[in-house]
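Proteins come first, then strands; the chains are lettered A, B, ... in the order of their sequence lines, and each starts at number 1. What's counted below: heavy atoms across the whole structure, side chains too, no hydrogens, waters or symmetry copies.
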2 protein chains.
Amino acid sequence: MLTRTAEHALRALLFLAQQPEGVLVPANRIAQATGAPANYLAKTLQGLAAAGLVRGTRGREGGYGLVVPASAITVGQVIAAFDVPSSADRCLLGDRPCSSAKPCAAHVQWQNARGAALRAMRTVRLQDLLAGVTRQLAVRS
Amino acid sequence: MLTRTAEHALRALLFLAQQPEGVLVPANRIAQATGAPANYLAKTLQGLAAAGLVRGTRGREGGYGLVVPASAITVGQVIAAFDVPSSADRCLLGDRPCSSAKPCAAHVQWQNARGAALRAMRTVRLQDLLAGVTRQLAVRS
DNA sequence: GTTAATTCGGACATTTGTATCCGTTTTCCC
DNA sequence: GGGAAAACGGATACAAATGTCCGAATTAAC
């Protein structure tokens, strides 16, 4: 369902979404809070930054923060930020290449099925997952 | 969406579903028809046999055939036959373990979202993907 | 300025998924 | 019974994902 990297990313984003507006959290702290390997999460966060979901600020008192509100980020976006450029879709039936232009007999049905699964992920926003979570107070050490 | 192994498996099953009832097809032939690496597909087919979806018959004139009709196999089953025993679901929020018994705040929402995506795959049967495919005649060399 | 805290970026190590190879066993055909 | 065709099953090789390490570059505090 979720690649491991995307799962780390999702946790990190959910954690950031619980921070008060404008507060930056360093990668180390995020890793500690979400239980992700710190060094790897650092890379993952850079990926999220490249995708425009978070912004990293260097230097002392720096860290990461959401660029976009949690109501505007879907799980589908998070997944999409980490999947490969999608290997030129092979035909479900046999060897030949399969495109919308020259579809195989199963093409449309398969597209529909995949679409339904993706839609399910695209319709869930981070905010939805946080329903019932009381916004965390700003507690800095 | 689909792991590569599951994709091979799905193609193999769809190919078998197009065979006339009772006809066995050797793994080599399936691999050739679906464009999968022959040696690896052999292993994959053993997995499908273990899952009870196909049956392998040894010896000359042997091969693989569906155990269950295409109308009774869902894409979800094929996926499930090849994913890991599902690493004890970690909580979406933070480090602690998360279960239905002691759910985190995001637990229910996340379960629902995953459920919707899985349901989309479970509702697609192989037969649905083969709509519009004329059943292939038995042409043995 | 100097120092500490932080993101950046590359190089490397480890693990897991994918693929290959080869011998063994079973079964049919002659 | 002997040979060929096939599924089994283990050992190994390759590739990609995941995780680790370390030296920059940047920024704020003092």
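- Among the atoms of the strands shown, only primed sugar atoms or phosphate atoms (P, OP1, OP2) are found under 4.0 Å from some heavy atom of B:Ala27.
- Checking C:dT18, C:dC29, D:dG9 against every side-chain atom of B:Glu61, the shortest atom distance belongs to C:dC29.
- Residue B:Thr57 places no side-chain N or O under 4.0 Å from the OP1 or OP2 atom of C:dC28.
- Comparing B:Ala6 and B:Gly59, the nucleotide of DNA chain C nearest to each residue sits closer to the 5' end for B:Ala6.
- When the side-chain nitrogen and oxygen atoms of B:Arg4 are compared with OP1 and OP2 of C:dA19, one or more of them lie within a distance under 4.0 Å.
- Comparing B:Ala42 and A:Pro37 by the nucleotide of DNA chain D that holds the closest heavy atom to each, the one mapping nearer the 5' end is B:Ala42.
- Separating the CG atom in B:Leu16 from the CG atom in B:Leu126 is a distance of 10.0 Å, to the nearest 0.5 Å.
- Between the side chains of A:Gln32 and A:Arg29, no donor-acceptor pair of N or O atoms lies under 3.5 Å.
- Contact annotation: the side chain of A:Val124 approaches that of A:Leu129 to within less than 4.5 Å [non-hydrogen atoms, C-beta and beyond].
- Considering only the side chain of B:Arg60, D:dA5 comes nearest among D:dG19, D:dA5, D:dC8.
- Comparing C:dA19, C:dG10, C:dT7 by their closest approach to the side chain of A:Lys43 singles out C:dG10.
- To the nearest angstrom, P of C:dT16 lies 13 Å from OH of A:Tyr40.
- In this structure, A:Arg58 atom CZ and D:dA29 atom P are separated by 18 Å, rounded to whole Å.
- The phosphate of C:dT18 (OP1 or OP2) has a side-chain N or O of B:Thr5 nearer than 4.0 angstrom.
- The residue from B:Leu48, B:Val68, B:Val67 that alone fulfils the side chain to side chain contact (heavy atoms under 4.5 Å, CB included) condition with B:Arg55 is B:Val67.
- The shortest distance between the side-chain N/O atoms of B:Thr44 and the OP1/OP2 oxygens of C:dA19 is not below 4.0 Å.
- Of the inter-residue distances, the one linking B:Leu45 atom CG with B:Leu53 atom CG reads 11.0 Å to the nearest 0.5 angstrom.
- With rounding to whole Å, B:Asn28 atom CG is found 15 Å from C:dC22 atom P.
- Across the protein-nucleic acid pair, B:Asn39 atom CG and D:dA11 atom P stand 17 Å apart, rounded to whole Å.
- The interatomic distance linking B:Gln46 (CD) with D:dA6 (P) rounds to 16 Å, in whole Å.
- Following rounding to the nearest Å, A:Phe82 (CZ) and D:dA16 (C1') show an atom-to-atom distance of 16 Å.
- Following rounding to the nearest Å, B:Leu41 (CG) and C:dC21 (P) show an atom-to-atom distance of 15 Å.
- Atoms CG (B:Leu45) and P (C:dT18) sit 15 Å apart, rounded to a whole Å.
- Phosphate proximity of C:dA19 to B:His8: present, with a side-chain N or O under 4.0 Å from OP1 or OP2.
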